Amino acid sequence: MKSQDIRNKFLEFFENKEHLIVPSAPMVLKNDPTLMFVNSGMAPFKEYFLGNSEPKNNRIADSQKCLRVSGKHNDLEEVGYDTYHHTLFEMLGNWSFGDYFKKEAIAWAWELLTEVFGIDKDILYVTVFEGSNDADNLKMDTEAYDIWKQYISEDRILKGNKKDNFWEMGEQGPCGPCSEIHVDIRSAEEKAKVDGKTLVNMDHPQVVEIWNLVFMQYNRKANGSLEALPSKHIDTGMGFERLCMVLQGVQSNYDTDVFTPIIREIETITNTDYGKDEKVDIAIRVISDHVRAVAFSIADGQLPSNTGAGYVIRRILRRAIRYGFTFLNTKEPFIYRLVDVLSKKMGEAFPELKAQKQLVENVIKEEEASFLRTLEQGLILLDGIVKNTKGDTVSGEKAFELYDTYGFPIDLTALILSEKGLKLDHEGFEKHLEIQKNRSRKASEMSTDDWTVLIDDTEQEFIGYDFLEANVKITRYRKVTSKKDGEMYQLVFNLTPFYAEGGGQVGDKGYLQDAHGDVIYILDTKKENNVIIHFAKNLPKNLNEVFKAVVDDKQRYRTECNHTATHLLHQALREVLGDHVEQKGSAVHSKYLRFDFSHFSKLTDEELRDVENFVNARIEGKLDLEEHRNVPMEQAIENGAMALFGEKYGDTVRTIKFGQSIELCGGTHVKNTSDIWHFKIRSESAVASGIRRIEAITNDAVKDYYSETNKAYFKIKGLLNNAQEPVKALKSLQEENTSLKKQVEALLRDKAKNLKGELKNEITKINGVQFLAKKIDLDASGIKDLCFDLGSQVDNLFLLFGCEAGGKAILSCYISKELVAAKDLNAGNIVRELGKYIQGGGGGQPFFATAGGKKPAGIEAALEASKSYIE
Ligand code: ATP
Ligand code: MG
């Protein structure tokens, strides 16, 4: 059965059991501070399990893109070495939100596997939770055991411990026992030798878990204790690629049709054969896996970058490049060429990939080129380190520097060193790595208390589109402590006018006021798992009062100007540059806006002017806001709105229209475009290959900008003696300056020539060294030239020159190369030591070095002290 059909069969089966089939949610999470990427099928449904919102249907099934490369689930280092763990994989799942429980979940899993897919039940094992003797003191899951008994012989039901058979969402939250289904796909011969039962959960590549059925019945509280959930849920996850392996009768996920087309392409491009050499095979598996993870992330709007989720993606791609570089000998970008097969293979189930193929290819290609340059550079640096290494061990500190500053991978360093017969101080490297990790861990440490519930009501209404003030009650609050912000309180209201950060727009600020006029400030507003959370430094005195909640209207208004301008800018870019322009990210602040979009070249000055003019014409056109809430998605698309990749939309959406500009948007906007006053682009730049960024300002910020520029203009004019034509005056000043510079240079050259003659006569011989220490009136670069000039004429030379420039002191030391070797002198060390006389420091090479300091009066003493080095 083809993989495509397997996926469809799964979904069809659960559709027939009254499940609503939904598309995969985007892989990059935006509203969850505890998780960067979706790492299991349930992550996009967390808000339902937490009871924050109601699911569309109490039975749902889907195939969810998951990424396990950071945090609690991190399989990255396994990938390539084994045949059944991936970074990105599809998790097939069926869910019950307070509807069916263990009986149906088990019965249907069994029916699907053995009847629909026809898997021989004699290759299956199942596990149930055995209970725990720890603080939780949980009983064995006899309920699941008794249900399984009806389908499978008892010697195939294994009891498992907490690690394998008790599933938890995180430190806190819903959890419960689980039952896993394992397959044993070894040959009959192997099975006769070793009983499959003993291999379950033992990391055997042919005895693997395919499906996990989680029975959520508890909630883990912040203090670590468990409480029963009011309604029980089912959460199941089956590895799609592993299922394909079983149904296609192969021994490795990489031999299924999910991977073989990619692997054939790698073989062709790199002129290798899969299945001949283990090292090559690992590299091919790594690359065929990683290209999927990276391509899907970019299609979901997460570009490789230097921080957060973007950095994780960059590291995955670099791992693939490195395996290619080391084991397939690829010195040119090639991974981007795999995107074509990938999008042909997966494009039907995941249209985002097909639609953005070109962008994905471009971004990957540029990342590859740039990292290959890093690798080359790193090889040169490593050569230098090797040359300076005494003995046979390269220091961990040097290797760490190479890794940390230049991004050169440590395993590559180790490999190259071992090829040269050298050792690497692994311990020293680990020590430095640990220090760095501790530093960043400390910075991000955070503890979150349980919610204190004041009013047991999870309904929460957002009224901020229509009101900036409201009387509210606090329904729950909790304390969060972090290194960054110290202690903060998070408050939830029954209704709120505060807009929570989202859709690129910042969260509202403002205050809460009680009946006595006491105020606490709301510093930010964010959404977490669909709950609007207000951040404050303190709690109000009496939590149970009714408060007046007031949004900072000035900040809100400026933000709205920027948000509406962002829509107009989007329209302008499509108009001026073409329909290929798609939004790739935006940040709407009160002070400025930032807009990222796909486009393949730098915007010309003329294009930028056209874009600006287009937006300003819409502002002058005084267009009214036309807002529609609860529009069915299809209707909105029909009306001309564009859905963005990587965004999660509900069945109904809100549309924002100004003239011809229409967008799906949850943000807040001005009532009329004339409120924006004016739009001004401040910068245009590249974010990645094929992605440009515009930063712009509106309203007061433009006024400030013009008034600042105006001020600067008059200041310049004043400095030019109020010239009638300042531009002309400035130009002639520049010309004069150029010609004066030339004259000065010529004079300095003459002076140096004369000086050289004089100085040569002043050189004295001490201990066989030609020595001169003197304060001279020349700039630093003149002194350098002078030193090398004298050096080429006089052997065994030691020079120390001091000079004064702009109230600072500079020492320059020159030592002939033969002296450096013969007398073990080092100019770098010498200036560093003499630097103390001028209250400064410096360094350089053994034969020439300089030091700068803030005490010119110390120059004489330094010159005097220099004699001691040769005496
Ligand atoms: P394993 O022990 O094999 O790592 P797991 O216990 O981490 O699996 P779950 O978290 O229960 O797995 O995920 C549910 C299912 O998803 C698994 O039964 C498996 O089929 C699949 N799965 C988990 N991790 C991966 C991965 N890295 N690559 C491919 N499939 C996976
Ligand atoms: Mg795992």
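Atoms within each ligand, like the ligands themselves, are counted from 1 in listed order. Sequence positions, counted from 1, serve as the residue numbers for this chain. Hydrogens, waters and symmetry mates are skipped; everything else that's a heavy atom, side chains included, is used. Remember, predicted model here, so these are calculated numbers, not experimental data.
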Practice task
Would you please indicate if the ring centroids of His182 and Tyr125 are separated by under 6.0 Å?
Solution key: no
Problem - Distance flag, aromatic centroids of His233 and Phe45, threshold under 6.0 Å - result: no
Handout entry: Side-chain (Arg292) to main-chain (Leu88) donor-acceptor, under 3.5 angstrom
Key = yes
Practice task
State whether Glu368 and Lys365 are salt-bridged, where the test is any N-O pair (Lys NZ or Arg NE/NH1/NH2 against Asp/Glu carboxylate O) under 4.0 Å.
Solution key: no
Practice task
Could you tell me whether the side chain of Lys162 and the main chain of Pro177 form a donor-acceptor pair under 3.5 Å?
Solution key: no
For ligand 1, which of its N or O atoms have a protein N or O partner closer than 3.5 Å, and how long is each gap?
| residue | atom | partner | partner atom | Å |
| --- | --- | --- | --- | --- |
| ligand 1 | 3 (O) | His85 | NE2 | 3.4 |
| ligand 1 | 3 (O) | Arg242 | NH1 | 3.0 |
| ligand 1 | 3 (O) | Arg242 | NH2 | 3.1 |
| ligand 1 | 4 (O) | His85 | NE2 | 2.6 |
| ligand 1 | 6 (O) | Glu209 | OE1 | 3.3 |
| ligand 1 | 7 (O) | Arg68 | NH1 | 3.1 |
| ligand 1 | 10 (O) | Arg68 | NH1 | 3.0 |
| ligand 1 | 10 (O) | Arg68 | NH2 | 2.9 |
| ligand 1 | 11 (O) | Glu209 | OE2 | 3.2 |
| ligand 1 | 11 (O) | Asn212 | ND2 | 2.8 |
| ligand 1 | 18 (O) | Glu209 | OE2 | 2.7 |
| ligand 1 | 18 (O) | Ile210 | O | 3.3 |
| ligand 1 | 20 (O) | Glu209 | O | 3.4 |
| ligand 1 | 20 (O) | Ile210 | O | 3.0 |
| ligand 1 | 20 (O) | Gly239 | N | 3.0 |
| ligand 1 | 24 (N) | Arg68 | NH1 | 3.2 |
| ligand 1 | 27 (N) | Asp75 | OD2 | 2.6 |
| ligand 1 | 27 (N) | His86 | N | 3.3 |
| ligand 1 | 27 (N) | His86 | O | 3.0 |
| ligand 1 | 28 (N) | His86 | N | 2.8 |

Exercise for the section: Step through it carefully: locate the ring centre of Phe350, locate the ring centre of Phe296, and say whether they are under 6.0 Å apart. Expected result: yes
